[in-house]
Amino acid sequence: MYRNQRTVIESAASLLCRKANEDMNYWLMKTEPAVFGIADLKARRDQTEHWDGVRNYEARNLMRDRMRPGDQAFLYHSSCAEPGIAGIVSISRAAYPDFTAWDPTSDHYDARSTPERPLWYMVDVRFEREFPRVISLKELKSEPRLQGMRVLRRGNRLSITEVVPEEWHLILGLLD
DNA sequence: GCCAACGTTGGC
DNA sequence: GCCAACGTTGGC
């Protein structure tokens, strides 16, 4: 009961915050569903998880300098049978040091990063919505008004990219 | 600072 | 499994 009430209150607060925030940004975040997909996030306690393992400076800078709580992001499934956008997550915590970089047993260990001088950062994301179907990469590529999207560029490898509001709403419209 | 070699990403 | 494209590393 307490959990439900808190969730409702937080959702309302998040909405209010979003409406008041002119600088809200939209994002696209890539993940391999075999490792951690939208279904995994949905199943997490509080449907929230930290987004660890980003080891690219440009993506780190976007998280650290531009992402704000209340921002929304498409969750993109890559390296799978049907690459595409599987749903929406929200940013629930601003960037903080990625502690997996300090763990020698982690796949993402990086000896250059320390608690005193963190090199890598992560945010927390919360499940918002799973689409009734994946909006495939093929479908995104076939839409002329989306050709500017960085994720569609040939050879793109950046795991976090910005989505402009026009693209965001157009993509949501593809579901109808 | 240049740039070749390397490891990784990710669609196909 | 293939391979193009990319970011990073390290020799010079």
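Bear in mind that the values here come from a model prediction, so they are computed numbers and not experimental data. The chains referred to below are lettered A, B, ... by the order of the sequence lines, with proteins before strands, and numbering in each begins at 1.
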Regarding K141(A), tell me which of base, sugar-phosphate or nothing describes its non-hydrogen contacts under 4.0 Å with the strands shown. sugar-phosphate

By the 4.0 Å heavy-atom rule, please label L158(A) as base, sugar-phosphate, or nothing. nothing

Nearest-angstrom distance from the residue atom CD1 of I85(A) to P of dG11(B): 12 Å

Out of V164(A), I171(A), L172(A), which residue meets the side chain to side chain contact (heavy atoms under 4.5 Å, CB included) rule with W168(A)? L172(A)

From NE2 of H108(A) across to P of dT8(B) the rounded distance in Å is 13 Å

Is there a side-chain polar atom (N or O) of K30(A) under 4.0 Å from OP1 or OP2 of dG10(B)? yes

Measuring to OP1 and OP2 of dT9(B), would you say a side-chain N or O of R55(A) lies under 4.0 angstrom away? no

S78(A) has a side chain; which of dG11(B), dG7(C), dA5(C) sits nearest to it? dG11(B)

CZ of R154(A) versus P of dC3(C): gap in Å, rounded? 14 Å

Just checking, R93(A) and Y96(A): is the charged tip under 6.0 Å from the six-membered ring centre and within 45° of the axis? yes

Can you check whether Y76(A) has a side-chain N or O nearer than 4.0 Å to OP1 or OP2 of dG11(B)? yes

Distance, rounded to the nearest Å, where H77(A) contributes NE2 and dG10(B) contributes P: 13 Å

Spacing of D107(A) atom CG relative to dT8(B) atom P, expressed in whole Å: 11 Å

Taking the minimum atom-to-atom distance to the side chain of R112(A), which one of dG11(B), dT9(C), dT8(C) wins? dT9(C)

If you look at every strand shown and take non-hydrogen atoms under 4.0 Å, does R60(A) touch a base, only sugar-phosphate, or nothing? nothing

By nearest atom, which of the nucleotides dA4(C), dT8(C), dG10(B) is closest to the S79(A) side chain? dG10(B)

Spacing between N156(A) atom CG and dA4(C) atom P, to the nearest angstrom: 18 Å

Centroid separation Y57(A) to W120(A) less than 6.0 Å: yes

Interatomic distance, M149(A) CE vs dG11(B) P [rounded to whole Å]: 13 Å

Among dG11(B), dA4(C), dT8(C), the one nearest Y57(A) by side-chain distance: dT8(C)

Side-chain H-bond candidate by donor/acceptor type, W102(A) with S113(A), under 3.5 Å: yes

Tell me the interatomic distance from L137(A), atom CG, to dC12(B), atom C1', rounded to whole angstroms. 11 Å

Would you confirm whether D71(A), through its side chain, and R68(A), through its main-chain N or O, come within 3.5 Å as a donor-acceptor pair? yes

